[in-house]
Amino acid sequence: MRRVPASRLGRLLGDWRAGDGSLARRLAGAVEKAVRDGRLPLGVQLPAERLLAGELGLARGTVAASYEILRAEQLIVTRTGSGSTVTLPPRLLDRLSPWASDRGEAGRNGAPLDLTIAEPAAPFDELLQAVRAAADTLSATLLHAPADGGGPLSPATAVADAYRAQGLATDDSHLLLTSGADAALSLLGAAYLRPGARVVLDSPTYPGALALFRAAGARPVSQPLTPTGWDVPALDRTLAAARPSLTYLITDFHNPTGLLMGEEERAELRRRLRHHDTLVVFDETMRDLDLREDAAPPPRVPVRAGDRNVVYVGSLSKSLWPGLRVGWIRAHPDVVRRLAALPLAAALAPSPVDRIVAARLLEHRDAILVRRRAQLALQRDHLAARLAALPWCRFQVPQGGLSLWLELLDADSRRLTDLAAARGLVLTPGFRFSPDGALDRYLRIPFTLPPEALDSAVDRLAAAHAGLGRTH
């Protein structure tokens, strides 16, 4: 059981005394807000009433009344001898359901605009060239290429070359191709997770991974990100307390925040990970989408030779095209052999045609990425400029990735997304990205659409926000 000390809770709540209502009601409201925006993780034990009263300079009865309000609203559960634990009411947990995957048009002439999925468009010219080249060599490749997809026309060759160029010794024995990053995570879940096993994840995190781990019967444990990134000592404490079978991190242009872990944090993370027996999965699907002016491959968390507890997962879906179902797992050869021996591995492998087309498309990778990064940076800056004019939200300009993580200062993302949907704008509320179902004050807004569509999205979002004052 993780506990939050009274002194720490006092700092988390900030200046909670301002506002209307009794002190007990204001304190309860501050705790609720801290839960909803992710500052106070679910599952932590709150301080005893006496200790919190002393820290905040309140009568014990005031804290007791505040806790009673939180119990009535099902935001804490109190058990004799175990204290009060932060939770969410069932009506909020029920909202953890898949969001619509249909796509609208580009928002023109009032057409529906869907921003629930952040993905790039196909690089049409290069893709067409790759498909034609693959068709010309299909018969020879299928006759002579190894069954595992290796050889000069294998995407594994290009992936291994990229790892070696970035200082990580890699050959075919370190790689297993999959039909995308989600397939890679499914395979890892099948190998390393059992019902009830714990998985530590960032909060927020990639919802697809969250769904896959839940489907494997795992119990998510959240580690909240700070506004500037990762609290490595806090992650260390969470790992010590939870003892997870698997830890899932996105350190390169994090989805959905766009954050990038710094070099010192990476070195500290690797040092602390050595003390924990957990498989650490680094999701690198956003790694190529570096939108900084001096774009360069981010340094990886240092890995010792022979390390069997570190796995990298990658994919072509975000950097090149989601329709090309090719991903991979880069790990110690013993881990790769274990995964490849699973019956599920064959079902989750990319098709021969996808492999051939991917290999041909990778020949154009550098040109595609140069153009794509410039386009995404332009659209990111355009969206940021429009949103900066709205006084009821705030954000940090992401360093990379495909989306912007918007904090709402006076609204619940569930209500706002409902009103936006009525105006033809479909958005993903923040709780979809939370292992706990919290983060109600956030929205993910992709900047994968052209500026005119982003203008339409912001206009509709502002109209939806204006409508909040007319609803109850």
Per-pair distances, 0.1 Å, donor-acceptor, side chain in residues 240-247, under 3.5 Å, sequence neighbours excluded:
residue	atom	partner	partner atom	Å
T247	OG1	T278	OG1	3.1

Taking the side chain as every heavy atom from C-beta outward, state whether L115 and T428 have any atom pair closer than 4.5 Å.
-> no
Taking the side chain as C-beta and beyond, is there a heavy-atom pair between L201 and V199 under 4.5 Å?
-> yes
If every non-hydrogen atom of L344 is compared with every non-hydrogen atom of S186, which pair is closest and at what distance?
-> CD2-O, 4.3 Å
Compute both the distance and the angle, then confirm whether R300 meets the cation-pi test with Y312: under 6.0 Å from the six-membered ring centre, within 45 degrees of the axis.
-> yes
Residues at least two apart in sequence or cross-chain that pass ring pair (Phe, Tyr, Trp, His ring centres under 6.0 Å) with F447, listed by chain then number, are none
What pairs with R338 under side chain to side chain donor-acceptor pair (under 3.5 Å), at least two apart in sequence or on another chain?
-> none
Looking at Y442 versus W405, is the centre-to-centre ring distance below 6.0 Å?
-> yes
Would you kindly say whether S456 and R460 are connected by a side-chain donor-acceptor distance under 3.5 Å?
-> yes
Check whether the ring centres of F213 and Y248 lie less than 6.0 Å apart, and answer yes or no.
-> yes
Taking all heavy atoms of Q396 and all of T228, pick out the closest pair and write down the distance.
-> NE2-N, 4.2 Å
Does atom CD of Q166 have more than 12 heavy-atom neighbours, drawn from other residues, nucleotides or ligands, at distances under 6.0 Å?
-> yes
For atom CZ of R292, is the number of surrounding heavy atoms from other residues, nucleotides or ligands below 6.0 Å larger than 12?
-> yes
Please examine the side chains of Q399 and D252, heavy atoms only from C-beta on, and report whether any two atoms are closer than 4.5 Å.
-> no
Side chain to side chain contact (heavy atoms under 4.5 Å, CB included) between R39 and K33, worked out = CA-CA 8 Å; R39 284 175 291 141; K33 186 176 186 300; 3.8 Å; yes
Side-chain contact, heavy-atom cut-off 4.5 Å: L225 with W230?
-> yes
